[in-house]
Visitor: 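Please find one structure pasted underneath; my questions will follow.
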Amino acid sequence: MKKTSRLTLSMLGTGVAMLALGGMGLRPAEAAESTFVDSTLAPAPFSCPAVRATSDRADGTSDYKVKILYVVPSDGVDRALDTSGALCRSVQAQYSWFTSQTTNGAALRYDVSGSVLDIQFVRLSKTDAVMKGTGNTGNVNTGYAYVRDRIELELAAMGYLSDTRKLYAVYYDGTSEWSCGGAPWPPALMGRVTALYLKGLPSGPVPCASNPIGGSSTLPGYIEFAMLHETLHGLGIVPAAAPNQHASGHVYDSARDLMYAARPGTSDPGWDIYSGAVVLDSGRNQYYGHSGSQLDLDQSAFLSPLPPGALAPPGW
């Protein structure tokens with residue numbers, strides 16, 4: 001039976017966080033190019049696809065990995081983001097930033113075929129309106145907060161989630177009235193799809209589409225940090241046992257933390273992703289490289305090189 005829970009975080013410009021259904025969700029605090037500048041960031045070791053793939057290319061390894069999907073609703077405009085280089089540059093920038101933050105230069109392992117990032121195109125069978133939902137209800141079929149759930153259900157029904165060792169990171173070129181993205185948070189909310197809604201919040205003060213996608217292959221912007229944020233949620237980060245965990249998978253001790261969210265009803269600042277100082281577990285005491293007993297990202301089976309005693313996400 002599918003498990004659902006009120007686990008979505010909507011981040012507002014005021015720093016207010018709201019819990020809702022359907023996994024983690026992000027709202028942009030502002031529209032701006034990233035000011036993150038670091039000439040030491042190493043380029044990703046994979047190149048970009050020039051030809052569209054509508055099926056999974058041959059894998060270079062059987063290890064756990066993140067698979068990138070470009071997903072369009074049945075009536076959506078295909079902007080060819082999978083072959084234009086936009087999504088690939090977005091992933092390359094995530095790779096470069098992540099390796100700059102880990103203690104041994106470890107990277108998230110992405111699905112690469114040969115030396116080319118494997119990005120798969122999927123056109124859904126349902127329209128953007130159906131995928132968006134019809135209101136703020138708790139119904140997975142119609143609620144605004146369940147776009148991620150509906151994407152996962154659609155992809156599963158179409159046979160695209162067959163590899164149980166992959167986390168599917170979806171760039172969804174469709175609408176959401178709820179947020180700019182969503183993710184599961186195992187083991188509390190199981191799932192294998194994380195998603196960014198590239199046309200989310202169209203009537204909001206800062207539509208999700210106002211953020212550039214893949215503006216650089218080494219310097220991340222809002223979209224890149226948001227996808228990394230959702231990807232780590234899909235791996236079970238931040239674990240519930242972390243000392244400053246709140247709002248279902250977030251920390252509040254530093255606004256510069258990749259997994260930060262402001263606490264509802266407080267004067268906490270908004271997510272500080274435009275200052276050029278975003279960090280992975282700012283205190284090394286929550287979810288990466290810590291000395292506690294809770295889940296540690298540095299032991300994840302999704303890392304390369306594979307750490308000793310590597311662990312799959314909880315519940316997988």
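Source: prediction; values computed, not measured. Sequential numbering from 1 along the given sequence is applied to the chain's residues.
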Visitor: Please answer whether the main-chain N or O of T134 pairs with a side-chain N or O of T142 as donor and acceptor at a distance below 3.5 Å.
Guide: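 Answer holds: no.
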Visitor: Checking W271 side chain against D257 main chain: does a donor-acceptor pair fall under 3.5 Å?
Guide: yes
Visitor: Let me confirm one number: the CE-CG distance from M227 to L87, rounded to the nearest 0.5 Å.
Guide: 8.0 Å
Visitor: Between the main-chain N or O of K126 and the side-chain N or O of S74, is there a donor-acceptor pair closer than 3.5 Å?
Guide: yes
Visitor: Measure the shortest side-chain to side-chain distance between Q286 and P239 over non-hydrogen atoms and say whether it is less than 4.5 angstrom.
Guide: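 SC-SC contact between Q286 and P239 ruled out.
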Visitor: Please tell me whether F121 and Y70 form a close aromatic pair, meaning their ring centres lie under 6.0 Å apart.
Guide: yes
Visitor: How long is the straight-line distance from OH of Y144 back to CG of N139, given to the nearest 0.5 Å?
Guide: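 Between N139 CG and Y144 OH, I get 13.5 Å after rounding to 0.5 Å.
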Visitor: Looking at F46 versus Y95, is the centre-to-centre ring distance below 6.0 Å?
Guide: yes
Visitor: Main chain of A240, side chain of Q294: is a donor-acceptor contact present, judged purely on distance under 3.5 Å?
Guide: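 Not at all, since once roles are kept as given, no pair shorter than 3.5 Å links the two residues.
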Visitor: Donor-acceptor check, side chain of D173 to backbone of D78, threshold 3.5 angstrom: yes or no?
Guide: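 No.
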Visitor: Nearest heavy-atom pair of L69 and Y168: which atoms, and what distance?
Guide: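 In terms of heavy atoms, the two residues are closest at CD1-CD2, 3.9 Å.
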Visitor: Do M190 and V238 belong together in a cluster built from hydrophobic side chains that touch within less than 4.5 Å?
Guide: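 Per the 4.5 Å side-chain linkage, M190 and V238 are co-clustered.
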Visitor: Between Q92 and T218, is the side chain to side chain donor-acceptor pair (under 3.5 Å) condition met? List the steps.
Guide: CA-CA 6 Å; Q92 287 174 328; T218 56; over 6 Å; no
Visitor: Report yes if the side chains of Y110 and K65 come closer than 4.5 Å at any heavy-atom pair, otherwise no.
Guide: no
Visitor: Do S176 and K132 have side chains that get closer than 4.5 Å, going by heavy atoms?
Guide: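 Side-chain contact under 4.5 Å: no.
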Visitor: I need the minimum non-hydrogen distance between K166 and W316, along with the two atoms involved.
Guide: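 Between these two residues, the closest heavy atoms are O-CH2, 3.5 Å.
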Visitor: Are V251 and H246 side-chain neighbours, meaning at least one heavy-atom pair lies under 4.5 Å?
Guide: no
Visitor: Please evaluate residues D75 and T127 with respect to the criterion side chain to side chain donor-acceptor pair (under 3.5 Å), reporting the C-alpha separation (whole Å), side-chain torsions for both, the decisive distance (0.1 Å), and the verdict.
Guide: CA-CA 5 Å; D75 59 345; T127 66; 4.7 Å; no
Visitor: Please check if the side chain of E154 supplies one atom and the backbone of S125 the other of a donor-acceptor pair under 3.5 Å.
Guide: yes
Visitor: Would you tell me whether Y252 and N244 have side-chain atoms, one donor and one acceptor, within less than 3.5 Å of each other?
Guide: yes
Visitor: Please give me the minimum heavy-atom distance between S96 and S217, naming the atom from each residue.
Guide: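 Answer, listing the atom of S96 first, then S217: OG-O, 3.9 Å.
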Visitor: In terms of hydrophobic clustering (I, L, V, M, F, W, Y; side-chain heavy atoms under 4.5 Å; direct or indirect links), are L295 and L306 co-clustered?
Guide: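 Not linked; separate clusters.
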Visitor: List the atom of G234, the atom of P313, and the distance in Å for their closest heavy-atom pair.
Guide: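 Closest pair (atom of G234, atom of P313, distance): O-CB, 4.3 Å.
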Visitor: Compare all side-chain heavy atoms of C180 with those of L196 and state whether any distance is below 4.5 angstrom.
Guide: no
Visitor: State, with a plain yes or no, whether a side-chain heavy atom of D111 is found less than 4.5 Å away from one of V66.
Guide: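 No, their side chains stay 4.5 Å or more apart.
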Visitor: Is it the case that S113 and D118 place a side-chain donor and acceptor less than 3.5 Å from each other?
Guide: no
Visitor: Can you check whether V72's main-chain N or O pairs, donor with acceptor, with R123's side chain at less than 3.5 Å?
Guide: no
Visitor: Same hydrophobic cluster for V130 and L124, using side-chain heavy-atom links shorter than 4.5 Å among ILVMFWY?
Guide: no
Visitor: Under a 4.5 Å side-chain heavy-atom rule over Ile, Leu, Val, Met, Phe, Trp and Tyr, are V77 and Y197 clustered together?
Guide: no
Visitor: With a 4.5 Å cut-off on side-chain heavy-atom distances among I, L, V, M, F, W and Y, is there a chain of contacts connecting V112 to Y171?
Guide: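 Linked, V112 and Y171 end up in one cluster.
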Visitor: Out of curiosity, D82 CG to R52 CZ, how far, rounded to the nearest 0.5 Å?
Guide: 4.0 Å
Visitor: If every non-hydrogen atom of G174 is compared with every non-hydrogen atom of D128, which pair is closest and at what distance?
Guide: CA-OD1, 3.4 Å
Visitor: How far does CG of L201 sit from OG of S210, to the nearest 0.5 angstrom?
Guide: 9.5 Å
Visitor: Taking NZ, NE, NH1 and NH2 as the nitrogens, is one of them in D56 or K67 under 4.0 Å from a carboxylate oxygen of the other?
Guide: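 Yes.
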Visitor: Please determine whether side chain to side chain contact (heavy atoms under 4.5 Å, CB included) holds for the pair L155 and V193, giving the CA-CA distance in whole Å, both sets of side-chain angles, and the decisive distance to 0.1 Å.
Guide: CA-CA 9 Å; L155 292 175; V193 169; 4.2 Å; yes
Visitor: Quick check against the 3.5 Å criterion: does H250 have a side-chain atom that pairs as donor or acceptor with the backbone of A247?
Guide: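 Yes: the side chain of H250 pairs with the backbone of A247.
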Visitor: Take R79 and I213 through the side chain to side chain contact (heavy atoms under 4.5 Å, CB included) test and state the conclusion after the steps.
Guide: CA-CA 12 Å; R79 294 190 285 166; I213 306 166; 4.2 Å; yes
Visitor: Would you check if I273 and Y222 make a side-chain contact, meaning some heavy-atom pair closer than 4.5 Å?
Guide: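 The answer is yes, as the side chains (C-beta and beyond) meet within the 4.5 Å cut-off.
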Visitor: Taking the six-membered ring of Y64, is the NZ or CZ of R165 close enough (under 6.0 Å from the centre) and on axis enough (within 45°)?
Guide: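 Yes - R165 lies over the ring of Y64, closer than 6.0 Å to its centre and within 45° of its axis.
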Visitor: Can you confirm whether Q120 sits close enough to I68 that some side-chain heavy atom of one is under 4.5 Å from a side-chain heavy atom of the other?
Guide: no
Visitor: Mind listing the closest non-hydrogen atom pair of A301 and A312 along with its distance?
Guide: CB-N, 4.1 Å
Visitor: Look up atom CG in L258 and atom CG in L280, then write down how far apart they are to the nearest 0.5 Å.
Guide: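 Answer rounded to 0.5 Å: 6.5 Å.
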Visitor: Please report the interatomic distance OG(S115) to CG(L117), rounded to the nearest 0.5 Å.
Guide: 10.5 Å
Visitor: Counting N and O atoms only, with roles assigned by atom type, does the side chain of Y288 sit under 3.5 Å from a partner on the main chain of T103, one being a donor and the other an acceptor?
Guide: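 Checked: pair present.
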Visitor: If you measure from the Lys or Arg side-chain nitrogens to the Asp or Glu carboxylate oxygens, is any gap between D272 and R256 under 4.0 Å?
Guide: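 Between R256 and D272 there is no salt bridge, as every charged N stays at least 4.0 Å from the carboxylate O atoms.
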Visitor: When you measure from the side chain of E224 to the backbone N and O of G214, does any donor-acceptor pair fall under 3.5 Å?
Guide: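 At least one qualifying donor-acceptor pair exists.
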Visitor: Checking Y146 against W178 for the ring pair (Phe, Tyr, Trp, His ring centres under 6.0 Å) test, could you report, in this order, the C-alpha distance in whole Å, the side-chain angles of both residues, the deciding distance, and whether it holds?
Guide: CA-CA 9 Å; Y146 281 101; W178 190 258; 9.1 Å; no
Visitor: Could you tell me whether R109 sits above the aromatic face of F302, with NZ or CZ closer than 6.0 angstrom to the six-membered ring centre and within 45 degrees of the axis?
Guide: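 Geometry flag: not set, cation outside 6.0 Å or 45°.
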